[in-house]
Amino acid sequence: MHGLSHRFLHVSGLCPFSGRESPYEDARYVVLGVPYDRTSTYRSGSKFAPAAIREASANIETYSMRTGVDVEDLKICDLGDLNVTDSPSETIERIRLVVGEIISDGKIPVMLGGEHSISLGGVKAIGKDATVVDFDAHMDLRDGYNGEPLSHAAVMRRIAEHIGPERIVQIGTRAVCKEELEFAKANHVSGITALQLHKNPMENSLGLLREMLRGRRQIYLTVDMDVLDPAYAPAVGNPEPEGLSSNVLLSLLEEVCKLNVIAVDLTEVSPHYDTGATAVQATKVLFEVLCLTEQRRRNVR
Ligand code: MN
Ligand code: MN
């Protein structure tokens, strides 16, 4: 009997995301770690992020005051980590296959990166009428980086080629090159820069975001954690000053999650540079996104 066994009383098992687990068949949210940092350009180590985020997720409160939803009550299954390879194209293909299976089983995939290039595999697994909402300091719209077309610095360019540039909305932009700006302008990539967010009252920014997302039926949400200011999230691959506060990010996510979010990823946490703060921020972002998505689902029914 469990109640009498010291094994069950005094030993916690290995740590799945949020500490709770539903069987895959019953789950609505399916967590997949992608320990992959093969194309990192500065501070590598994001392949250690899935484990760091899982650990943080077992050590913060699960109740969301923003939504009144408790992560503890959500049906979450943590699949574990993808077997990644040295080949960017093969890794992205494996992501596409696994995420595609999760989506066709009627569930919401939640990928823990890894670096940002993993989003290409996720986006390739969804239909082409979805919109990619990308929180990031960078545009990632270069045609390639150091000769690598599947670099994390080029992921949104590859996604633009796949799904159409007008289906990308970038929020928090503040670190760009001219090539990216020209591409975004010529190809109608929309977005709200960090400067716009800093200069305008929050209500205006939320209104602008609402306008940009009007009529978009399905959302693929990707959060590159460097969208936050390094003061909030110091341990990222390419830190960039003048970023968002956690509250601003969560308020913007609240607006995005009013729409039908069909897949989520969170990338670029590099735990060896962390005090623990970044992994906790990442967990908080994911918890709130899950609770907001669940709240919408309950309201829509
Ligand atoms: Mn990025
Ligand atoms: Mn970035």
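Owing to the predicted nature of the structure, the values given are computational and were not obtained by experimental measurement. Whatever order the structure lists them in is the order used to number ligands and atoms, beginning at 1. Just so you know, these numbers use all the heavy atoms, side chains as well, and skip hydrogens, waters and symmetry mates. Throughout, numbering of the chain's residues begins at 1 and tracks the sequence.
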Identify, by name, the N, O or S atom of [X] lying closest to the Mn ion (ligand 1).
X      : result
Asp136 : OD2
His116 : ND1
Asp140 : OD2

Any chance you could lay out the side chain to side chain donor-acceptor pair (under 3.5 Å) test for Asn238 and His138, step after step, and finish with the verdict?
CA-CA 9 Å; Asn238 301 71; His138 309 91; 5.2 Å; no

Angle subtended at the Mn ion (ligand 2) by His138 ND1 and Asp226 OD1, to the nearest 10 degrees, is 90°

Tell me whether the count of non-hydrogen atoms from other residues, nucleotides or ligands lying under 6.0 Å of CD in Glu179 goes above 12.
yes

Would you say Glu242 has more than 12 foreign heavy atoms packed within less than 6.0 Å of its CD?
no

Quick check: does Asp224 have an N/O/S atom under 2.8 Å of the Mn ion (ligand 1)?
yes

Can a cation-pi geometry be assigned to Lys107 and Tyr24, taking NZ or CZ under 6.0 Å from the six-membered ring centre and within 45° of the ring axis?
yes

Ring centres under 6.0 Å, that's the criterion: do Phe17 and Phe287 meet it?
yes

